[in-house]
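Okay, so here's the structure we're looking at.
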Amino acid sequence: MNHLKLITEREFLNKVKNKTFIIMTFVSPLIMVGIFALVAYLTQLNNDKVRTISVLDESNLFANEFENTEHTKYHILTNVTLDDAKKIVQESNNYGLLYIPKGHTVDELSDKIIFFSEESPSLIVMDKIENRIEEKARNIKLKESGLDPEVINKLKVNISASLETFSGEKTSKIGGGLKLIFGGAAGYLLFMFIIIYGNMIMRSVIEEKTSRIIEVIISSVKPIQLLLGKIFGTSLAGISQFLVWVVIGGILLTVLSTFFGIDVAGSQMANGQIPANQLPNNEVALVVQEMWNLPIANLIIMFILFFIGGYLLYSSLYAAIGAAVDNETDTQQFMMPIVMPLVLAIYVGFFTVIENPHGTVSQVFSFIPFTSPVVMLMRIPFGVPLWQQILSVVILFGTFYLFVIFAAKIYRVGILMYGKKPTYKELYKWLKY
Amino acid sequence: MDDLLVVDEVVKRYGNYTALNNVSINVPQGTIFGLLGPNGAGKTTLIRIINQITMPDEGSVILGGEKLQQKHIKDIGYLPEERGLYKSMKVGEQALYLAQLKGLSKAKAKEQLKYWFDKFEIGDWWNKKIQELSKGMAQKIQFIVTVLHQPKLLIFDEPFSGFDPINANLIKDEILKLRDQGATVIFSTHRMESVEELCDHIALINKSNKILDGKLIDIKREFRTNTYEVGLITDRKAEVTQNLKEHFELTEANFKTINDELKFNVKVSSNESANQLISHLTSQGQLTHFVEIIPSVNDIFIQTVKNN
């Protein structure tokens with residue numbers, strides 16, 4: 001046990017004192033936040049351009065409908081021919097020319113409207129213009145039929161079903177998205193963590209092999225102690241790095257959004273979420289309440305358990321691979337079987353779990369130990385029965401135990417083998433030595 | 001004299017390959033024991049079994065009267081042939097770490113390290129990284145780390161490789177000193193001249209089997225051929241040669257002299273003595289050179305392995 005502590009301590013200090021590690025720890029969040037700020041800035045820059053669109057309305061039905069907005073200005077042309085209008089627009093470098101020909105009825109016009117432009121126009125702009133015309137045309141037709149558009153608008157009914165669980169908790173539809181963000185972030189974080197720090201363990205094992213210190217160490221401690229010490233030490237270094245990232249990243253984001261007025265929350269929402277300001281006030285309150293209603297304690301405990309279990313399971317495999325080969329280039333053939341289940345878990349998580357968190361596929365994958373950490377973490381915010389969570393954790397740790405024994409066997413033989421790259425068949429033989 | 005280490009009928013198999021086949025050796029307390037054999041004979045496997053890196057499939061290993069077990073790790077110091085250190089770690093930290101793994105307390109390890117660093121006059125290396133040191137310098141650190149915890153049994157696998165003659169001598173003297181202080185040393189090497197110089201006992205392993213072992217001096221006696229190098233000044237070279245050939249087995253000799261003389265290796269049959277040869281020779285001319293050819297470890301090694 002004392003050995004394990006010594007090894008863990010050395011592995012931890014060795015990682016943490018490494019210059020590259022220190023630089024990465026403090027520079028990465030700066031780079032990440034920098035890129036984030038850059039993207040936000042560029043997006044604003046992109047939208048800042050004001051487009052001028054000329055409108056030639058020979059029907060005289062729609063010209064008044066186009067109101068200038070922040071990014072789009074409409075310039076109404078009158079008493080010019082279409083050819084002249086085109087020339088004017090080209091010379092003045094306008095965004096485009098909307099041409100509405102003469103027509104007696106609205107129906108006649110429907111497929112005769114043309115938008116001229118140098119380059120293909122933005123879909124969003126076209127959508128806006130078409131909507132305007134459609135709305136006006138509809139109103140004209142309503143009037144022609146003797147109906148008052150005002151009256152029609154008044155007759156509209158807006159239905160928004162409130163959600164409530166059987167136990168009486170009010171929920172919101174936004175809450176579903178929230179759960180998705182929580183689960184997705186947890187699953188993705190674990191995925192990244194395994195890949196980054198699993199590789200680190202592998203490299204550390206290879207380093208001991210290539211520097212040939214391994215035989216000295218192994219004459220003092222059992223291989224399993226060295227293996228576990230490596231995994232624990234590297235994990236601690238990894239967790240420390242992650243914490244630093246979260247703290248620095250958080251501080252920087254806060255500072256940036258305060259000083260430069262970049263609306264962090266807003267830009268996140270823009271990626272498919274409904275902007276908060278369009279929600280009725282009580283809905284916002286519900287979302288906040290929803291966040292507190294998430295099984296936070298459950299989520300945190302399970303996050304820690306699955307995180308540790310999943311990470312340990314995979315890192316024992318990474319260590320075994322490191323022991324089996326002489327240098328990093330030889331690891332490729334063994335990486336596939338490790339990365340495949342991880343990627344599968346992410347895909348299952350992001351497609352199946354979102355579709356139906358409690359469907360058969362989601363359930364099955366949340367018990368298979370190689371995918372369960374990611375998939376179960378994504379499912380938990382949607383409410384998973386405790387027995388399922390516990391069963392999955394037990395399976396995970398049981399598998400970890402088996403695989404550590406398996407990895408230790410490969411490790412024990414592999415660390416003293418130099419020369420040719422082993423095949424799977426040889427690895428199998430090592431298990432029986 | 002008691003045996004510190006007894007390896008009894010040890011068998012080790014890797015799949016279908018038998019790396020050690022019923023190998024037994026006894027290493028007496030306070031001696032230097034040469035473990036010899038061609039490449040791939042099984043020496044490293046045997047050493048790894050003694051270090052508990054691998055377990056024997058059959059047979060037993062006894063250290064100091066007890067079955068080899070976990071607690072004996074601190075009683076053994078092992079300098080493997082394939083050796084290295086953490087490249088990016090500082091010398092002092094690294095030595096402390098390795099010493100603590102061998103069960104020394106941090107304070108005790110520091111004290112011991114100071115002693116050895118002073119002895120080798122390398123105190124200023126403490127804060128250097130291994131990658132800044134030359135190979136020979138790193139080897140010195142490895143030697144220190146091996147002996148630091150004052151183990152009862154020291155195992156050196158090619159300890160002199162990578163050392164210049166001066167440092168090799170330094171290490172050799174330290175090994176002899178350690179033996180005189182009561183440590184038992186197992187010494188594996190291909191450099192036969194160092195075996196001649198250092199070893200009290202040897203064992204020869206070939207193709208997974210032990211084919212020879214015992215006290216070096218006994219083995220040499222066993223391999224003596226009663227052959228003598230002879231130098232003789234005479235005017236009647238042809239006649240004398242003919243005469244000798246009738247009585248003894250002559251082969252061509254190859255030693256350096258300053259006279260123009262007859263040179264032979266003369267083999268004396270078991271029922272004759274060296275004295276008889278000498279009296280015969282002196283009757284034929286002036287005897288300038290008479291030495292018994294003692295088989296070298298090199299000869300014994302090659303002969304035994306070839307005959308095996």
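The sequence lines fix the lettering, A, B, ..., with proteins before strands; numbering per chain opens at 1. These numbers come from the heavy atoms of this one structure, side chains and all, not from hydrogens, waters or symmetry mates. Because the structure is predicted, anything quoted here is derived from the model rather than measured.
- Counting heavy atoms from C-beta on, the side chains of A:Lys17 and B:Glu93 come closer than 4.5 Å.
- Neither the backbone nor the side chain of B:Glu81 comes within less than 4.5 Å of any heavy atom of chain A.
- Counting non-hydrogen atoms of other residues, nucleotides and ligands closer than 6.0 Å to CZ of A:Phe242 gives a total above 12.
- Within 6.0 Å of the NZ atom in B:Lys110, the count of heavy atoms belonging to other residues, nucleotides or ligands does not exceed 12.
- Of all heavy-atom pairs spanning B:Tyr97 and A:Leu6, the tightest one is CE1-O, 3.7 Å.
- With a threshold of 4.5 angstrom between heavy atoms, A:Ile7 approaches chain B through its backbone and through its side chain.
- By the neighbour-count criterion of 12 heavy atoms within 6.0 Å, atom NZ of B:Lys207 is sparsely surrounded, having that number or fewer from other residues, nucleotides or ligands.
- Applying the 6.0 Å contact sphere to CE of A:Met340 captures no more than 12 heavy atoms from other residues, nucleotides or ligands.
- Around atom CE of A:Met32, no more than 12 heavy atoms belonging to other residues, nucleotides or ligands sit under 6.0 Å away.
- For the set A:Arg212, A:Glu207, A:Glu9, the entry with the most heavy-atom pairs within less than 4.5 Å of chain B is A:Arg212.
- Closest approach of A:His3 to B:Leu101, counting heavy atoms only: NE2-O, 2.7 Å.
- Among all heavy-atom pairs drawn from A:Ser220 and B:Lys102, the shortest one is OG-CE, 3.3 Å.
- The pair B:Arg48-A:Glu215 counts as a salt bridge, with a side-chain nitrogen and a carboxylate oxygen less than 4.0 angstrom apart.
- Between atom CD1 of residue B:Ile76 and atom OG of residue A:Ser219 there is a gap of 8.5 Å, rounded to the nearest 0.5 Å.
- Ionic pairing of A:Lys209 and B:Glu82 is not present here: no N-O contact between side-chain nitrogen and carboxylate oxygen is shorter than 4.0 angstrom.
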Can you list the steps and then say if B:Ser88 with A:Asn14 is a side chain to side chain contact (heavy atoms under 4.5 Å, CB included)?
CA-CA 9 Å; B:Ser88 54; A:Asn14 193 41; 4.2 Å; yes

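- Chain B forms the most heavy-atom pairs under 4.5 Å with one residue out of A:Ile213, A:Ile217, A:Val216, A:Ile218, and that residue is A:Ile213.
- Contact count against chain A (heavy-atom pairs under 4.5 Å) is highest for B:Ile53 among B:Ile53, B:Ile130, B:Leu98.
- With chain A as partner, the option from B:Thr44, B:Asn51, B:Leu79, B:Ile73 having the largest number of non-hydrogen pairs under 4.5 angstrom is B:Ile73.
- The environment of CD in B:Gln69 is crowded: more than 12 heavy-atom neighbours from other residues, nucleotides or ligands sit within 6.0 Å.
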